[in-house]
Amino acid sequence: MRKNQTSVTAMGIAIARAVESSKPAPARICYDPYARQFVPAWMYHVLGFFIRSGYAELRGPGVNGFLAARERYIDDVLSGFIAAGIQQLVILGAGFDSRAYRFDLSGRVKTFEVDHPATQADKLEKVRRIFGSVPAHVTYVAVDFNTQSLADRLLSAGFDPARTSLFIWQGVSMYLTPAAVDATLDFVVRNSAPGSAIVFDYLYREALEEAGRQREVGNMRRYRFMTGEGLTFGIPKGTGEAFLLARGFRAARDVNAADLKAAYFRGPNAWRAVVNGYGILLGRV
Ligand SMILES: C[S@@+](CC[C@H](N)C(=O)[O-])C[C@H]1O[C@@H](n2cnc3c(N)ncnc32)[C@H](O)[C@@H]1O
C-alpha cells in the first residue's frame, strides 16, 4: 500500500459493513453500528449506492456476501474466545475494524490494534471524533508488515506472550508478501500462551493465478493504480489446514464459501451469493 495514504480497501470494506448494518435486523448478516462514522459521508453515499443498486454484485458476484459473512464469522469466533476468557486481543491490519469498541472488552481483554502507520493515524483521528477520546483498553501499534518486525513493535507496546490471545487478521494476508505472512504466523506461534489462536481469511492461490476468470480479483488488479494495494498472496484451495499445521499450529479449521452460506444465509438472505475465492482459517496454538 502507499506510504502516506489511508488504506482505500479498508474504507471500501467499512462501507460494505455500513451498508449491511443499515438493514433491519432480520435482513442483515453482520452488524457494525460504527462503520458508517469511519468513512466520509460522500463516499458512503456514492459507494453505498453501487452496493444497494446491485451494480457491485454485477461487477463482483458474491463479494458483498463474503464480506458480510466474514465479519459475522469472525465476530462469532471472537464471542467464543471472550466467553472462554482470553486475556488479549490483537487486531492485525485493523483498518476501520470496530470490534475493539463494539464488544465488551474494557477491563477484561487488553486490546492491540496493529496497522500500517498511514491508516492508523487516520483511524486514531476518527476514534477521537466518534468516541471523544481513545479508549483506555486499546493500544495502537504502527507497523509495516512488509518491512518492520511485528515482534519488536508489539512486545515493546506491552503485549504479553504469557497470556492467552486471539489474533484477528481480517482482509490483510492477500496484500502481503509470503515472507511477511510467514513472519506474522511465526510470531503468533512463538509468542502466544496455549489456548491462543489466530483467525484470518486468505485468497485461494488459484484465484490469484486466474485473475482473468475470478472477476473481483481482476477488478482489484485493474484498480490497483487507485488503491496502491495489490493482491500478492494466496494459499492453494484445500490446503489451508495443512498450511497452518506446517507452520507450528496445533489445530486448524478452514471455512469456505459453502460453509458460510449454510451458516448465515437464510430467509431474506437465502438468495445471496458468497464468492468462492476465499477461505477463513482458525489456527490454534
Ligand atoms: C482490506 S483492509 C482490511 C481492514 C480491516 N482488517 C477490515 O477488515 O476492515 C487491509 C488492511 O491491511 C493494512 N495493511 C496492508 N498492507 C499492510 C502492511 N504492509 N503493513 C501493515 N498493514 C498493512 C491496511 O492498512 C488496512 O488496514
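Source: prediction; values computed, not measured. Every number for a ligand or one of its atoms is a count from 1 in the order of the listing. For reference, positions follow the sequence shown, starting with 1.
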When you compare ligand 1 with [X], is there at least one nitrogen or oxygen pair between them that comes in under 3.5 angstrom?
X      : value
Ser7   : no
Phe145 : yes
Leu176 : no

field: Partner of Trp169 under side-chain contact (heavy atoms from CB on, under 4.5 Å), chosen from Val199, Ile74, Leu185, Val114
entry: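 Between Trp169 and the candidates, side-chain contact (heavy atoms from CB on, under 4.5 Å) is satisfied uniquely by Leu185.
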message: Among residues at least two apart in sequence or on other chains, which ones pass salt bridge (Lys or Arg N to Asp or Glu O under 4.0 Å) with Glu71?
response: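 Arg17, Arg99, Arg102.
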Tyr34 and Phe131 aromatic ring geometry - parallel, tilted or perpendicular at 30°/60° bounds: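 Phe131 vs Tyr34 ring planes: perpendicular.
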- prompt: Between Phe187 and Phe167, what is the ring plane arrangement, given parallel below 30°, perpendicular above 60°, and tilted in between?
  reply: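 Ring orientation, 0 to 90° scale: perpendicular.
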task: Tell me, please: is Gln120 in heavy-atom contact with ligand 1, that is, under 4.0 Å?
output: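 No, Gln120 has no heavy atom closer than 4.0 Å to ligand 1.
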- request: Determine whether any heavy atom of Ala94 lies closer than 4.0 Å to an atom of ligand 1.
  value: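 In this structure, Ala94 qualifies as a contact of ligand 1 - some heavy atom is under 4.0 Å.
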Taking only heavy atoms of [X] into account, list the atoms of ligand 1 that are under 4.0 Å away from them.
X      : answer
Arg17  : 7 (C), 8 (O), 9 (O)
Val143 : 20 (N), 21 (C)
Gly171 : 1 (C), 2 (S), 3 (C), 10 (C)

message: Whether Arg36 engages the ring of Phe38 as a cation-pi pair (distance to the six-membered ring centre under 6.0 angstrom, angle to the ring normal within 45°) should be assessed.
response: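 Judged by the rule (NZ or CZ under 6.0 Å from the ring centre, within 45° of its axis), Arg36 is not positioned above Phe38.
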What part of [X], side chain from CB on, backbone N/CA/C/O, both or neither, has a heavy atom under 4.0 Å from ligand 1?
X      : value
Asn146 : both
Thr147 : neither
Tyr175 : side chain
Asp144 : both

Check: Tyr101 ring centroid to Phe103 ring centroid under 6.0 Å: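 No.
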- prompt: Do Phe66 and Tyr278 make the cut of ring centroids closer than 6.0 angstrom?
  reply: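 For Phe66 and Tyr278, the ring centres are under 6.0 Å apart.
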field: Proximal candidate to atom 13 (C) of ligand 1 [heavy atom criterion; set Ile91, Val172, Asp115, Thr6]
entry: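 Among Ile91, Val172, Asp115, Thr6, the closest heavy atom to atom 13 (C) of ligand 1 belongs to Asp115.
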field: Electrostatic pair Arg128-Glu125, nearest N-O below 4.0 angstrom
entry: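 Here Arg128 does not pair with Glu125 in a salt bridge, since their nearest N and O are not under 4.0 Å apart.
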task: Could you list all the salt bridge (charged side-chain N to carboxylate O under 4.0 Å, His left out) pairs where at least one residue sits in residues 148-163, not counting sequence neighbours?
output: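 Salt bridge (charged side-chain N to carboxylate O under 4.0 Å, His left out) check on residues 148-163 returns Asp160-Arg163.
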